[in-house]
Asker: 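Starting off with a structure, shown below.
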Number of protein chains: 2
Amino acid sequence: METRERILHESRELLREKGSAGFSMRGLAERVGVTPTALYRHFEDRDALLATLLDEGFSNFSSYLLRALSGKTPLERLRRSGIAYFDFALEHPRDYALMFMTPCADLGLQTVSESAKARMDGTFVFLVDRIKECIAAGVCIAYEPRALALHVWATVHGLASIRLNGQLAELDERAFREHVAFTLDRIEASLAPARAS
Amino acid sequence: METRERILHESRELLREKGSAGFSMRGLAERVGVTPTALYRHFEDRDALLATLLDEGFSNFSSYLLRALSGKTPLERLRRSGIAYFDFALEHPRDYALMFMTPCADLGLQTVSESAKARMDGTFVFLVDRIKECIAAGVCIAYEPRALALHVWATVHGLASIRLNGQLAELDERAFREHVAFTLDRIEASLAPARAS
DNA sequence: GTCTATAGGTGGATAGAC
DNA sequence: GTCTATCCACCTATAGAC
């Protein structure tokens, strides 16, 4: 693996282990096995390194979401989006935390890359589109798509954050994924049009 | 106000403004208007100060939740719990972030006070009780109360975190509270027993 | 591209005077 | 209880040799 790749890889590990407060160029250099100076040949400064991490995270996240489009019906595509969301959060917990759970101030970051912001919006638009499809197909209440998308996002993000904060340590991965399925069931129930009575 | 109170007050402000990375004893002392040394007369060290902050936060949070018990029916008590949750999150955003959104590692904390952990569990038990009531009254599907409570908590926590991370800045407080009401509606719909068809 | 050496800064915490 | 003075650890970042 190239040094630049190793730096990014170890950055993720370091962030997970020590948290944002414990992330330092010196500590990183030690893990990578070079002197701190060497890092500055690959990244302009600390902010640039973290920005790259964020950027790659969103890029990767997008590819997870796109998988959901192979679903055959709008409702299935919405559900697969939810599953893709948790796939990403569980397989890349450090990136997820960095992208969605860490205020910039906590990273000591002054500015966030514009492209990261744009990708964040893109993610939300993707979800809004899934909701619009469902409304058009009559499998979801006809409420403002953005409000519904926010509700869905909040629900999956809430569960993912609780998990990644270590507050559900008593559940093994299988049990957690079962709860994810339950959550997605509940989300669908919350969106379902009133049934004929 | 006594110095000790002022220290705690300014700690919250400092955490909100600068994030956990920007929280330092020196910066705090400057805000309070004393020298850093003086802080150590009131708190053994940085960890003890943050632990006190956490502890008071949970204590205050409990008092918010208890208001919900004035509801007349199980469903109303559940809904009022949700409202109380957001009341606390919006009125004490720095405490909320500290209690529910910040991994200990990000604070540079080695250990979390046991009483904070216990209060966290207590909070969850409160919610489980609200759910159990609803199940007993037949207004909620008869599923595992803990799983249902986790779902409800994840949903409100998700929305609160997104809000406090500044990602819904385009909504003013009134608009946000409207969305809260919408979210609570959706939660109730997701818990409702299948209606007779 | 990586090193040694170093500048310049911030942080937690304590000793001892008042 | 609060101050001045201070110690020591750790941080980001750069200059210049190899």
Side-chain angles (χ1 to χ4, degrees), chain A residues 1-55 94 98 102-113, chain B residues 1-55 94 97-98 102-113 116:
Chain A
M1 192 158 40
E2 298 212 351
T3 305
R4 187 190 152 94
E5 301 296 316
R6 292 221 331 277
I7 292 173
L8 290 171
H9 177 76
E10 295 297 337
S11 294
R12 296 190 178 93
E13 294 295 320
L14 191 60
L15 271 172
R16 188 192 49 174
E17 287 176 24
K18 303 285 183 66
S20 45
F23 179 84
S24 72
M25 298 298 268
R26 290 163 110 95
L28 176 58
E30 197 175 348
R31 285 189 74 117
V32 177
V34 295
T35 56
T37 321
L39 302 179
Y40 291 86
R41 285 285 149 187
H42 300 274
F43 298 94
E44 195 170 14
D45 56 17
R46 186 180 182 275
D47 281 18
L49 201 166
L50 286 170
T52 302
L53 228 48
L54 262 177
D55 217 56
R94 338 175 241 310
L98 195 62
T102 315
C104 308
D106 284 5
L107 290 170
L109 271 183
Q110 304 305 329
T111 58
V112 191
S113 94
Chain B
M1 190 159 41
E2 300 214 349
T3 305
R4 187 190 151 94
E5 302 295 317
R6 295 222 328 278
I7 293 173
L8 290 171
H9 177 77
E10 295 297 336
S11 294
R12 294 189 179 93
E13 294 295 320
L14 192 59
L15 270 174
R16 187 192 49 171
E17 287 177 23
K18 303 286 183 71
S20 46
F23 179 84
S24 72
M25 299 296 270
R26 292 162 111 97
L28 177 58
E30 196 174 349
R31 287 189 73 116
V32 177
V34 295
T35 56
T37 323
L39 302 178
Y40 291 87
R41 285 286 148 186
H42 300 274
F43 298 93
E44 194 169 16
D45 55 18
R46 187 179 181 276
D47 281 20
L49 202 166
L50 286 169
T52 303
L53 227 49
L54 262 178
D55 218 57
R94 342 175 238 310
L98 195 61
T102 315
C104 310
D106 283 5
L107 290 170
L109 271 183
Q110 305 305 329
T111 57
V112 191
S113 93

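Hydrogens, waters and symmetry mates are skipped; everything else that's a heavy atom, side chains included, is used. Per chain, numbering begins at 1; letters A, B, ... match sequence-line order.
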Asker: Whether B:Ser24 contacts C:dT10 is assessed here as follows: a side-chain N or O lying under 4.0 Å from the phosphate OP1 or OP2. Is that the case?
Answerer: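 So the side-chain polar atoms of B:Ser24 never come under 4.0 Å of the phosphate oxygens OP1 or OP2 of C:dT10.
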Asker: What's the NZ-C1' distance between A:Lys18 and D:dC10, to the nearest Å?
Answerer: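 Computing the A:Lys18:NZ to D:dC10:C1' distance gives 12 Å.
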Asker: Does B:Ala38 or A:Asp45 map to a spot on DNA chain D nearer the 5' end, using the closest nucleotide for each?
Answerer: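 The 5'-side residue here is B:Ala38.
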Asker: Taking only side-chain nitrogens and oxygens of B:Thr37, does any of them come within less than 4.0 Å of OP1 or OP2 of D:dC3?
Answerer: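 Checking B:Thr37 against D:dC3: no side-chain N or O falls below 4.0 Å of OP1 or OP2.
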Asker: In whole angstroms, how far is the P atom of C:dG1 from the CG atom of A:Leu39?
Answerer: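 To the nearest whole Å, that distance equals 14 Å.
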Asker: May I ask you to test the B:Leu8-B:Phe43 pair for a side-chain heavy-atom distance under 4.5 Å?
Answerer: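 In contact.
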Asker: Does a side-chain N or O from B:Arg46 land closer than 4.0 Å to OP1 or OP2 of C:dG12, or not?
Answerer: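 Answer is yes, contact under 4.0 Å.
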Asker: Taking only the side-chain nitrogens and oxygens of A:Thr3, find out if one of them lies under 4.0 Å from OP1 or OP2 of C:dT2.
Answerer: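 Yes, because at least one side-chain N or O of A:Thr3 sits under 4.0 Å from OP1 or OP2 of C:dT2.
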Asker: To the nearest 0.5 angstrom, please state how far the CG atom of B:Leu107 sits from the OG atom of B:Ser20.
Answerer: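 Answer rounded to 0.5 Å: 5.5 Å.
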Asker: D:dC7 P sits how many Å from B:Arg26 CZ, rounded?
Answerer: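 Computing the B:Arg26:CZ to D:dC7:P distance gives 13 Å.
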Asker: Mind checking whether B:Leu15 and B:Thr102 have side chains closer than 4.5 Å, heavy atoms only?
Answerer: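 No, every pair of side-chain atoms sits at 4.5 Å or beyond.
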Asker: Which part of the nucleic acid, if any, lies within reach of A:Arg41 when heavy atoms closer than 4.0 Å are counted: base, sugar-phosphate only, or nothing?
Answerer: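 Base, at least one base heavy atom under 4.0 Å.
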Asker: Nearest 0.5 Å please: distance from the CG atom of A:Leu98 over to the CZ atom of A:Phe23.
Answerer: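 Interatomic distance, A:Leu98 CG to A:Phe23 CZ, rounded to 0.5 Å: 9.0 Å.
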